[in-house]
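One structure is given below, encoded as C-alpha cells.
The model shown is predicted, which means the values in this text are computed figures rather than measured ones. Numbering of ligands and ligand atoms starts at 1, following listing order. The first residue in the sequence is number 1, and the count goes up from there.
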Amino acid sequence: MLQEGKLYIGTSRKPDDSINKGEYLELKFGNRHGLITGATGTGKTVTLQILAEGFSNAGVPVFCADVKGDLSGIGAMGEPKDFLLKRAEQIGLSPYDFQEFPVIFWDLYGEKGHRVRTTISEMGPLLLSRLMNASDAQEGVLNIAFKIADEGGLPLLDLKDLQALLNYMGENAGELSNQFGFISKSSVGSIQRELLILEQQGAEHFFGEPALKITDIMRTTNDGRGAISVLAADKLMMNPRLYTTFLLWLLSELFEELPEVGDPDKPKLVFFFDEAHLLFNDAPKVLVERVEQVVRLIRSKGVGVYFVTQNPLDVPETVLAQLGNRVQHALRAYSPREQKAVKTAADTFRPNPDFNCAEVITNLGTGEALISTLEGKGSPSIVERTLIRPPASRLGPLTEAERQKVIDVSPVRGLYDENFDRESAYELLAKRAAKAAEQAEAARQAEEQSAEETSGGGRWTLPGFGDDEQKEPSGKQARPRSSGYQRETIVEAAMKSVARTVATQVGRALVRGILGSLKR
Ligand SMILES: Nc1ncnc2c1ncn2[C@@H]1O[C@H](COP(=O)(O)OP(=O)(O)O)[C@@H](O)[C@H]1O
Ligand SMILES: [Mg+2]
C-alpha cells in the first residue's frame with residue numbers, strides 16, 4: 001500500500017462491494033487543503049488520525065486539536081483489536097503494522113501538555129475583538145488601543161497590560177481622542193468588563209510569555225518523521241471563541257512567518273481545524289473574508305489546512321472552494337437542512353457513473369467515506385466509495401501516566417513551562433504613573449513653598465495618573481499651563497523610551513498582517 005509520494009487513505013469498492021483500488025492523497029497536493037465531514041460517530045476523528053499518521057511518516061509535521069481526548073492515542077502503538085484486523089483484511093491492508101508516533105502535547109491551560117501562549121500584541125485587534133465578541137464601538141476602541149500601543153511601542157503581553165492601557169485611555173480619553181480618534185469612555189469600560197470575564201474563563205493563561213514559536217510545531221525526528229502536535233482541547237471547547245481564536249492566531253502566525261515555497265513536493269506543515277463550524281458560526285463578514293484570504297494564500301507557504309466538521313454547509317462557499325482533498329463520511333438526511341447538506345456535499349464531487357452520490361452519502365457505514373483527492377495537474381479525482389484504513393497507532397486515549405511520559409521526554413520540555421513576566425505595558429504605565437506622581441509631588445512641594453509666600457495652597461494634580469479624584473486647583477494660580485506641559489513631556493518621553501525598548505526587545509517593526517497578527 002506504500003507508494004512513493006502518496007499517502008494511503010483506504011480502499012474503494014465497486015458497486016458489488018468487491019475491492020476497486022487503493023485511494024491516496026498525493027503529498028504534492030497536501031497543501032491544497034482538505035475537508036473531512038460527516039455526522040457524529042461516522043469516523044471523522046479516525047480519518048484525521050490516519051491522515052496525521054501518513055503525513056508524519058512522510059516527514060510532514062502536523063498540528064491538530066484533540067477535542068474529545070480520543071486522539072491522544074496516536075502517541076502509542078496500536079493494538080490488534082478484532083474490528084481493526086477485520087477492516088485491514090477487508091481492504092487488503094497487508095501487512096497491517098502497528099506504530100507509535102512522535103507526539104508533542106500542548107495545552108492552553110498547561111495541564112495536559114506544554115503551555116501554549118501568545119501575547120495580546122501578537123494577536124492583534126481583529127482576533128481579540130472576535131475573542132471578546134466586541135461590538136463595533138468596542139472594536140473601534142480596541143483598534144485605537146493597539147494603535148497607541150503599536151505606535152508608542154507599549155508591549156501588550158498579557159491581559160493586565162491591556163487593562164492598564166485601557167485605564168490609561170479612559171483617564172486620558174479627551175486628549176487621546178484628539179490624537180487617535182474618538183474614544184468612548186463607556187466602551188472602554190465595557191471592554192474592561194469583558195476582559196475580566198475572559199480572565200475568569202482562564203484566558204489569562206493563554207496571554208503572556210514565552211509565546212509559542214511556530215518552529216516548535218514544525219519539528220521532525222531524527223528518523224525523518226514529522227512531529228504531531230496535539231492540542232488538548234476538551235476543556236478549551238467550553239470556551240469555543242478562545243478555541244477558534246487560538247487556532248486562527250496560529251494559522252495567521254504560520255502565514256506571516258513562513259517563507260513562500262510555491263508548490264513543494266510535500267507540505268511543510270498540515271493543520272487540522274476540528275469543529276470548524278465554531279470558526280464560522282456567526283463570524284463577522286470581515287473575519288470570514290480574511291480567513292478565506294489566509295487559507296488561499298497559505299498554500300504557497302506549504303501549509304495544508306484541513307477542516308473537520310459535521311456538515312459541509314458549515315464552511316462558507318468561498319472557503320469550501322479551496323479545499324481540494326475531500327473525505328465525506330455519512331450524513332443523515334431527515335430535516336430539510338440535512339437534505340440540503342447532503343445535496344451540497346454530493347454536488348461538490350466529480351461524479352462517479354457507478355453510483356448516485358447523494359444516495360450513497362446517507363448509506364455509508366462507520367469508517368467509510370466518499371473520497372476525492374487532487375490528481376494529475378491538480379484536478380479532483382472521480383469520487384470513490386472508500387473504506388478508510390484502520391490506524392497504526394492506538395484508537396482511543398492515552399492514560400494519564402502515558403501522557404506524562406510523552407511530556408517528560410518531549411523536545412520542547414522546559415521551554416514553555418514557566419511564565420516570564422518581562423516589562424510590558426502594565427509595568428511601563430505603572431512606572432509612568434509613579435514618575436508622574438513623583439513629579440507631581442515635587443511640584444506640589446515647590447508650590448507649597450511658593451504658596452507659603454503668597455497664600456493658601458491646594459495641590460495640583462495630573463489628570464490621568466490616579467489623581468483625578470483630587471480637587472482641581474482653584475482659581476487664579478497659573479497651573480494649567482504647567483500641568484499641560486508636564487503631561488505632554490511624560491507621554492512623549494514614555495512613548496519614545498518604550499519605542500526603543502520594543503525595538504530592541506521585540507526586534508521588529510509593528511506591522512500587522514491579514515488577520516491582524518504581527519508581521520515579522
Ligand atoms: N477507519 C476505521 N477503521 C476502524 N474503525 C473505525 C474507523 N473509523 C471509525 N471507526 C470506528 O468508529 C468509531 C467512531 O469514529 P470517530 O472517528 O470517533 O467518529 P467521529 O469523529 O465522526 O465522531 C471509532 O471509535 C471506531 O470504533
Ligand atoms: Mg470525532
- Write down the atom of L320, the atom of P312, and the distance for their closest heavy-atom approach. CD2-O, 3.9 Å

- Item | Nearest heavy atoms of L127 and L248, plus distance in Å | CD2-CD1, 3.9 Å

- Task: May I ask you to check whether over 12 heavy atoms, not counting those of D265, lie within 6.0 Å of atom CG?
- Result: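 Open: at most 12 neighbouring heavy atoms sit under 6.0 Å from CG of D265.
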
For a quick check under 3.5 Å, do [X] and [Y] share a side-chain donor-acceptor pair by atom type?
X	Y	result
E100	S393	no
T399	E402	yes
R13	T386	no

- Query: Between F246 and F206, is the ring centre distance below 6.0 Å?
  - Reply: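 Yes, the ring centres sit under 6.0 Å apart.
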
- Task: Step through it carefully: locate the ring centre of W106, locate the ring centre of Y416, and say whether they are under 6.0 Å apart.
- Result: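 That pair passes the under 6.0 Å test.
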
- Note on the structure: Ranking K86, K68, K44, R389 by closest non-hydrogen atom to atom 22 (O) of ligand 1, top hit is K44

- Nearest to atom 19 (O) of ligand 1 by heavy atom, G367, G43, G10: which?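 Comparing heavy atoms across G367, G43, G10, the nearest one to atom 19 (O) of ligand 1 lies in G43.
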
Heteroatom proximity flag, [X] to ligand 1, N/O under 3.5 Å:
X	value
T45	yes
I388	yes
V46	yes
G41	yes

- Query: Contact between A39 and ligand 1, counting heavy atoms under 4.0 Å?
  - Reply: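 A heavy atom of A39 does come that close to ligand 1.
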
- Output the list of atoms in ligand 1 that are nearer than 4.0 Å to some heavy atom of T366, sorted by atom number.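 So the answer, numbered in order with elements, is 9 (C), 10 (N), 11 (C), 12 (O).
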
- Item | Proximal atoms of ligand 1 relative to T40 (non-hydrogen, under 4.0 Å) |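 Per the distance check, 23 (O).
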
- Item | Top protein contact for atom 4 (C) of ligand 1, by heavy-atom distance | L84 CD2, 3.9 Å

- Message: Give me the nearest non-hydrogen protein atom to atom 5 (N) of ligand 1 as residue plus atom name, then the distance to 0.1 Å.
- Response: F83 CE1, 3.6 Å

- Can you tell which part of L395 has a heavy atom less than 4.0 Å from ligand 1: side chain, backbone, both or neither? side chain

- ligand 1 contact on P391 by region, counting heavy-atom pairs under 4.0 Å: neither

- Message: Taking the six-membered ring of F105 as reference, does the cationic atom of K112 (NZ for Lys, CZ for Arg) lie under 6.0 Å from its centre and within 45° of its axis?
- Response: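 Checked: cation-pi criterion not met.
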
- Item | the Mg ion (ligand 2) contact by T45, N, O or S atom under 2.8 Å |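 Yes, since at least one N, O or S atom of T45 sits under 2.8 Å from the Mg ion (ligand 2).
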
